[in-house]
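Everything below concerns the one structure shown next.
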Amino acid sequence: MFVLSGYEYLLGFLLVCSLVPALALSASKLLRPSGGGPERRTTYESGVEPIGGAWIQFNIRYYMFALVFVIFDVETVFLYPWAVAFHRLGLLAFVEALIFIAILVVALVYAWRKGALEWS
Amino acid sequence: MYDFEDKFRNMQLQYFLLLAAALFCIGIYGLITSRNAVRVLMSIELLLNAVNLNLMAFSSYLDPLEIKGQVFTVFVITVAAAEAAVGLAIILAIYRNRDTVDMEQFNLLKW
Amino acid sequence: MNLAEGVQLVSFAILAVMMIGSALGVVLFSNIVYSAFLLAGVFVSISGIYLLLNADFVATAQILIYVGAVNVLILFAIMLVNKREDFKPLPNAWVRPTMTAIVSAGLFVLLSTMVLVTPWAYSTESVSSDTTIVLIGQHFFSDFLLPFELASVLLLMAMVGAIILARREFLPDQVITPDKQQQPVLTLPERPRELVGISSDKTSNLDDSRRSE
């Protein structure tokens, strides 16, 4: 039993959004000249010529940033209900949320000290 | 005009539970058959999502006032995020030592 | 104004087909990058199903954490271990997928009979007038307080563990020079930074020479 209101607009938006790429691609297919020489496959104007394949090994630094992001993303999800229900919860909840944040600040300090936040 | 019974007949709890069961079985299949360690972790995420789907369906149909199932789901999502972070780090460490992500090569603890 | 029942059923069917199809793709594709992107499809469709179950906050959290963070983490990890390797064929390689498929199908049959046979005690109460996010916030600070605080400890432990595991780079072919042993006690053995700097300089030099040609 679905009770949330306002989601018919979301559905409408989704339908329109799914139409946009299909319409754009088909319209450009109708309008553009077909064919074209070998230049069509080259890099456009001031683009840099690609070197090597795209299947290269990435640097571990990307993983460190993603890792820190995951942890603080989850923290956001926990703090959001607290912020919305703040007026009903009172002082005790404020202290508890501060403890929660303090523990995660320890995590932030650790990541900082270990250099996980630097692009060294 | 729909009455209350009809509404339940249209969108039933059983649909959601069957969907979650299917997702869980797909996850089990991937967990056992895949040889890439990253894919094993992805299958574990599928399993956790199937469990979450069950919790959400129960909380919506059997406990719409308290919605404790949703609170549980938030905790399960947290644990899944922590598990993914540590699990992928373990895979990276193993990859650095063994230079492969093949599950069949990780047999140091096998007799 | 609310969504009509038929619209709900159709959206549920679309989401279910999307979810099962992408989940099968995750498991069955041989290219792991396709699997990772299809995993995002599974997460998005599950979030849509949460919306159908009146859980707007959890649907948002699903998108935010799974699609925004966990899937990105998985993609980065795939890029890090991205070496084209052909796994050595096992003897009797067909046995395991077939057996597992049989077991999984049996499990599904078992679970679905359980689901269909059990008389579920549907709650006849109407949905609470509060929004779910306020209810979840009240649960966090009343009866789920200890799990809430433990979640932060869990996140702290996960972060420390993952950083230690991911940053340690042993270089077994490198002789340990005496100045490396005078590092402070708490730092981990890591790849010296000069290596990274030199290699990045080299590539930028290469780029410059290519550009000047």
Side-chain angles (χ1 to χ4, degrees), chain A residues 1-8 10-11 14 48-49 51 53 55-78 80-86 88-90 92-94 96-97 99-104 106-108 110-111 113-116 120, chain C residues 1-3 5 7-8 11 51-54 56-57 60-61 64-65 68-70 72-73 75-77 79-84 126-127 131 133-141 145 148-149 151-153 155-156 158-160 162-164 166-167 169 186-188 190 193 196 206-207 210-211:
Chain A
M1 187 175 49
F2 188 70
V3 296
L4 296 175
S5 60
Y7 279 89
E8 62 272 8
L10 177 73
L11 203 62
L14 279 180
V48 182
E49 296 277 327
I51 309 165
W55 289 77
I56 51 163
Q57 205 178 9
F58 273 57
N59 200 306
I60 188 112
R61 286 174 251 168
Y62 293 101
Y63 183 80
M64 304 312 276
F65 286 120
L67 178 69
V68 177
F69 174 66
V70 167
I71 302 296
F72 290 102
D73 209 21
V74 178
E75 182 193 4
T76 314
V77 165
F78 273 106
Y80 200 75
W82 169 65
V84 171
F86 186 78
R88 301 196 189 184
L89 292 174
L92 195 62
F94 182 68
E96 283 149 0
I99 297 172
F100 183 86
I101 295 172
I103 294 174
L104 281 166
V106 174
L108 180 64
Y110 183 84
R113 285 291 304 277
K114 286 294 168 194
S120 53
Chain C
M1 190 177 157
N2 208 332
L3 288 183
E5 306 283 326
V7 176
Q8 287 179 40
S11 353
L51 271 186
L52 283 179
L53 287 168
N54 301 320
D56 42 1
F57 173 67
T60 318
L64 197 67
I65 296 183
V70 172
V72 171
L73 196 69
L75 272 172
F76 278 146
M79 289 168 177
L80 279 170
V81 298
N82 199 351
K83 197 180 63 176
R84 289 287 186 139
S126 61
V127 181
T131 52
I133 183 163
V134 174
L135 278 176
I136 289 174
Q138 283 172 342
H139 276 301
F140 274 164
F141 290 97
L145 181 61
F148 176 74
E149 298 292 347
S152 71
V153 180
L155 290 176
L156 170 66
M159 184 142 153
V160 171
I163 286 180
I164 286 180
R167 268 193 79 92
E169 297 192 9
L186 281 175
T187 52
L188 296 165
E190 283 154 7
R193 296 199 172 151
V196 178
L206 268 178
D207 286 346
R210 280 183 63 92
R211 252 175 238 131

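Residue numbering restarts at 1 for every chain, and letters A, B, ... go by the order of the sequence lines.
Every ring pair (Phe, Tyr, Trp, His ring centres under 6.0 Å) that A/F78 has, sequence neighbours left out, goes to A/F100, B/F75, C/F140, C/F148. Every residue two or more places apart in sequence or in another chain that forms a side chain to side chain contact (heavy atoms under 4.5 Å, CB included) with C/V160 is listed here: A/Y110, C/L156, C/I164.
Annotation for A/A97 and C/F141: closest pair N-CE2, 4.1 Å, computed over non-hydrogen atoms. C/A158 and A/I71 make their closest contact through CB-CD1, 4.4 Å (heavy atoms, listed as atom of the first residue, atom of the second, distance). Nearest heavy-atom pair across A/R88 and C/Q138 is CD-NE2, 3.2 Å. Nearest heavy atoms, C/G137 versus A/A85: CA-CB, 4.5 Å.
Your options are C/L145, C/V72, C/V70, C/I136, and the one with the most heavy-atom pairs under 4.5 Å with chain A is C/L145. Considering only heavy-atom pairs separated by less than 4.5 Å from chain A, the leading option among C/L64, C/V153, C/L75 is C/L64.
Side-chain atoms of C/I133 and A/Y80, non-hydrogen and from C-beta on, do get closer than 4.5 Å to each other. Residues A/Y62 and C/M79 fail the side-chain proximity criterion, which asks for heavy atoms closer than 4.5 Å. A/L67 is not listed as a side-chain neighbour of C/F76, based on a closest heavy-atom distance of 4.5 Å or more. At least one side-chain heavy atom of C/F57 sits under 4.5 Å from a side-chain heavy atom of A/V77.
Rounded to the nearest 0.5 Å, atoms CE (C/M159) and CZ (A/F72) are 4.5 Å apart.
Of the atoms belonging to A/I99, heavy atoms from both backbone and side chain fall under 4.5 Å from chain C. Interface remark: A/A102 contributes no atoms to any contact with chain C (heavy atom separation under 4.5 Å).
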